[in-house]
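The structure under discussion appears below in the form of structure tokens.
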There are 2 protein chains.
Amino acid sequence: MGSGKTTSFDIAQAAGVSQATVSRALRNSPLVNVETRQKVKRIARELNYRVDRSAAGLRSQRSNTLALLIFEDPTTDDSQINPFFLSLLGNATRFAARRGYDVLVSFQQLSDDWLYEYEAANRADGIILLGYGDYGKISDKLRRLHDDGGHFVIWGATTPELEGHAIGCRNRNGGEIITRHLLALGRRRIAFIGGASDDCPEFKQRFEGYCAALENEGVWVRDELRVDAENQETSGFQAMDRLLESGAQFDAVLGASDLIAIGAMKRMRKAGLSIPEDVSVAGFDDIPAASYFTPSLTTMRQDTRAAAEALVDNLLAMIDGQPGQSQLLPMELVVRGSCGGRDRG
Amino acid sequence: MGSGKTTSFDIAQAAGVSQATVSRALRNSPLVNVETRQKVKRIARELNYRVDRSAAGLRSQRSNTLALLIFEDPTTDDSQINPFFLSLLGNATRFAARRGYDVLVSFQQLSDDWLYEYEAANRADGIILLGYGDYGKISDKLRRLHDDGGHFVIWGATTPELEGHAIGCRNRNGGEIITRHLLALGRRRIAFIGGASDDCPEFKQRFEGYCAALENEGVWVRDELRVDAENQETSGFQAMDRLLESGAQFDAVLGASDLIAIGAMKRMRKAGLSIPEDVSVAGFDDIPAASYFTPSLTTMRQDTRAAAEALVDNLLAMIDGQPGQSQLLPMELVVRGSCGGRDRG
DNA sequence: CTGAAAGCGCTTACAG
DNA sequence: CTGAAAGCGCTTACAG
């Protein structure tokens, strides 16, 4: 390439205009004459010129980059990333690219200081936070982030303090729909596996929907049929362990997530229980494994395309100076083989 | 935060040193007195100062960022990203972070011009390319990339032209191992599903290993038992469609990837064939679905942690000015239920 | 070991 | 519509 890097000055010289005009032309400024713009663009293309992102970022104090942070439990096996977040990642990356933004991906521990790490360092203009099951531990940090005017959106944690930042699904409604589905199949002793504390608002809301559906049908909500679990297969397996050991009778299991439901099914299979003959099972998320598992898992799907679009759009609006606007997306019942009744395994 | 952004000049003033010393201290330069360094770091921490990445990148002409590009067939459904690459992505991101590099993720079409898009634009110091099944279409571009001195590593395409850039598995050896496993179970008419052309060197090498194992046992390699397929479930399904229609007899199926094997199993199930009783099935990769599927799939595992580490290390070496060094990683046989014999479904 | 100074390649008021 | 000039916040020779 001869003597060093091609810069906007090289393009300017070749086009016979000033460097400022090159900059304007390449950014489609309406200030530039159409013919001038086309000439500049043509020459830039011929010389394979690209605007230096660092220089542009320094001058404009904009990185044109979003950081997508996935929070992991440090105790978890490295390779086991929640597939639902992976799907969100793929779609968020695509939507961001369509809007001219790069996406920086990082797997974080809860202890890190993302606002400063990313925004203050001009590495990213805004942050997308993924990772449920830990809201209790980070809520203080999120509030400080909010107070400092940080640009961030978070998936799932639709709590009042995060109004404007949170995008999630109508978890309560989803819990009602799927519980009604189980009730309609004649199930009455429906176990719920998943934490119902404020630490994980999504699971809590799903549980509330479950309760509402039961009460609406005049079915008692039994304490012994709710077992804590985190959003992991092994946690669902262990929770079912405890449920079986307790001796509580149940004819259906609603997992607070697909991973939990699958873990519970593995434990039930080990106990010799038939699904769906003895026990109907359902979950939430519709991760790929839900359809691969046998029996295939009935679940409440979260639309990761819509979710990713809402996250990116809301974040870009905030970066643009507009107020954030929280959004709740609908969930969709996907009937497969794990519940029995009108469908098959 | 008062009057604008905190810069290295603010730290310098607070610490009573020059701005240059702040820069040196924060980058752990041995030129700086230990006490001075500690003082500077303490003050930087107290003021929540972060080095501006754009400014540092502009000055040093290093972005400290790697681009991880995943190539997708534009015809593919958006949401279906190859899970093997997703696993590679997660591990590569972690290794890069450990070495102080950010990772920019992008899903690309084959037609784009990454060298210029990323390296010339100073968005990334090097590129990790993932995506098999399309090597034939991009080999020219890769050679140009190489000739231009681009910093890139590519997964899988271990061909002579890409010596130094490619990291992959010992696909030929893997093909031999798994074919021997099928032979040891008494299978003799083993179908191979997957392209065997230069377009996908990985599949081709797996096929060569398959042929070597058969020949070694004195078993004929039959043309009618090899069917083309791309690395997708639907493609495996359709390939099995054609194989069944051809009327060729087979007692085992080796998919060139797990996705292909799973697609083929779905088609066989539809045809009423029992796995593993009628037909043994095996694949490559060990994606999560391989263990969720029923019967669980016997496969040759590719270690995504080792692969990610090799990719990142090799790329960083190239960025450092050292020559790249290709590497072939071993594959590991994972016996599950889909082959029958000594294991169960 | 430290500081003063130059300069990386842009964007964006400012002036015309 | 265009250009000359300033300056974003660093890193890195250069000089001491």
Side-chain angles (χ1 to χ4, degrees), chain A residues 1 3-41 43-44 47-65 100 116 118-123 125, chain B residues 1 3-41 43-44 47-65 100 116 118-123 125:
Chain A
M1 297 193 183
S3 54
K5 180 175 178 175
T6 305
T7 71
S8 54
F9 284 93
D10 299 323
I11 308 301
Q13 191 164 30
V17 296
S18 74
Q19 180 269 338
T21 296
V22 170
S23 175
R24 291 194 189 98
L26 294 178
R27 294 160 12 80
N28 294 317
S29 162
L31 291 174
V32 175
N33 180 295
V34 182
E35 287 155 33
T36 310
R37 185 200 307 174
Q38 286 173 348
K39 185 177 181 188
V40 167
K41 285 194 163 185
I43 292 172
L47 298 182
N48 264 318
Y49 167 74
R50 304 292 150 137
V51 172
D52 184 301
R53 287 297 200 103
S54 292
L58 172 58
R59 176 56 231 240
S60 64
Q61 290 297 307
R62 290 283 217 100
S63 61
N64 279 299
T65 299
Y116 291 104
Y118 289 89
E119 283 211 56
N122 207 11
R123 282 206 278 183
D125 300 329
Chain B
M1 297 196 182
S3 53
K5 179 174 178 174
T6 305
T7 72
S8 55
F9 283 93
D10 299 322
I11 309 301
Q13 190 164 31
V17 297
S18 74
Q19 180 269 339
T21 297
V22 170
S23 175
R24 292 193 188 98
L26 294 177
R27 292 159 13 81
N28 295 317
S29 163
L31 291 174
V32 175
N33 179 295
V34 182
E35 289 156 34
T36 310
R37 185 201 308 174
Q38 287 172 348
K39 184 177 180 189
V40 167
K41 285 193 164 185
I43 292 173
L47 298 182
N48 263 318
Y49 168 73
R50 305 291 149 136
V51 173
D52 185 300
R53 287 298 199 102
S54 292
L58 172 59
R59 176 56 232 239
S60 64
Q61 290 297 308
R62 289 284 216 98
S63 61
N64 279 299
T65 299
Y116 291 104
Y118 289 89
E119 284 211 56
N122 207 10
R123 283 206 278 183
D125 300 329

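Chain A is the first sequence line, chain B the second, and so forth, proteins listed ahead of strands; every chain is numbered from 1.
The side-chain hydrogen bond (donor to acceptor under 3.5 Å, both in side chains) search around B/S8 returns B/Q19, not counting sequence neighbours. The side-chain hydrogen bond (donor to acceptor under 3.5 Å, both in side chains) test applied to B/R62 returns B/Y101, not counting sequence neighbours. With sequence neighbours left out, the side-chain hydrogen bond (donor to acceptor under 3.5 Å, both in side chains) criterion links B/S18 to B/T21. Residues forming a side-chain hydrogen bond (donor to acceptor under 3.5 Å, both in side chains) with B/N64 (at least two apart in sequence, or on another chain): none.
Note on B/R37: every side-chain N or O is 4.0 Å or more away from OP1 and OP2 of C/dC1. Put simply, B/Y49 has a side-chain N or O that comes within less than 4.0 Å of OP1 or OP2 on D/dC10. Of the side-chain N and O atoms in A/R27, none sit less than 4.0 angstrom from OP1 or OP2 of C/dC10. Between A/S60 and D/dC8 there is no side-chain polar atom (N or O) within less than 4.0 angstrom of OP1 or OP2.
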Inset, instruction - State the dot-bracket string of DNA chain D. Criteria: Watson-Crick or G-U wobble, both atom distances under 3.5 angstrom; notation: ( ) intrastrand, [ ] crossing earlier pairs, | interstrand, . unpaired. - result: |||.||||||||.|||

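Between A/L47 and A/I11, the closest side-chain pair of non-hydrogen atoms falls below 4.5 Å. B/K41 has its side chain within reach of B/N28: a pair of non-hydrogen atoms, C-beta onward, lies under 4.5 Å apart. With a 4.5 Å cut-off on side-chain heavy atoms, A/Q61 and A/N122 count as touching.
In this structure, A/S54 reaches neither bases nor backbone, as no heavy-atom distance under 4.0 Å exists between it and the strands shown.
In this structure, CG of B/L31 is placed 13 Å from C1' of D/dT11, rounded to the nearest angstrom. As a whole-Å value, the separation of A/L58 CG from D/dT11 C1' is 12 Å. One atom, NZ of A/K39, and another, P of D/dT2, lie 11 Å apart when rounded to the nearest Å. Going from atom CZ of B/R62 over to atom C1' of D/dT12 covers 14 Å, rounded to whole Å. Here D/dT12 presents its P atom at 13 Å from CG of B/L26, a figure rounded to the nearest Å. Taking atom CG on B/N33 and atom C1' on C/dG3, their separation rounds to 15 Å, with Å as the unit. Going from atom CG of A/N122 over to atom C1' of C/dC10 covers 13 Å, rounded to whole Å.
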Polar atom pairs (N or O), protein with nucleotides 14-16 of chain C, under 3.5 Å:
none

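Closest to the side chain of B/T7, out of C/dG9, D/dG9, C/dT11, is D/dG9. For B/D52, whose side chain is taken as the heavy atoms from C-beta onward, the closest listed nucleotide among D/dG9, D/dT11, C/dC10 is D/dG9.
Of the residues in residues 9-23 of chain B, those with a non-hydrogen atom less than 4.0 angstrom from any atom of DNA chain C are B/V17, B/S18, B/A20, B/T21.
For the atom pair B/E119 CD and B/S63 OG, the distance stands at 8.5 Å (nearest 0.5 Å).
Two residues, A/Q61 and A/V32, neighbour DNA chain D, and the one matched to the more 5' nucleotide by heavy-atom proximity is A/V32. Map B/R59 and B/P30 each onto its nearest nucleotide of DNA chain C; the residue landing nearer the 5' end is B/P30.
A side-chain contact (heavy atoms from CB on, under 4.5 Å) with B/Y49 holds for exactly one of B/L26, B/I43, B/D10; it is B/L26.
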Show which side-chain atoms of residues 29-38 of chain B pair as donor or acceptor with protein atoms under 3.5 Å away, not counting sequence neighbours.
| unit_1 | atom_1 | unit_2 | atom_2 | d |
| --- | --- | --- | --- | --- |
| B/S29 | OG | B/L31 | N | 3.0 |
| B/N33 | OD1 | B/E35 | N | 2.7 |
| B/N33 | OD1 | B/T36 | N | 3.4 |

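In this structure, B/A55 and A/L58 approach most closely via the heavy-atom pair CB-CD1, 3.6 Å.
Residue pairs meeting the salt bridge (charged side-chain N to carboxylate O under 4.0 Å, His left out) criterion with at least one member in residues 47-57 of chain A, sequence neighbours excluded, are A/K5-A/D52, A/R50-B/E117, A/R53-A/D102.
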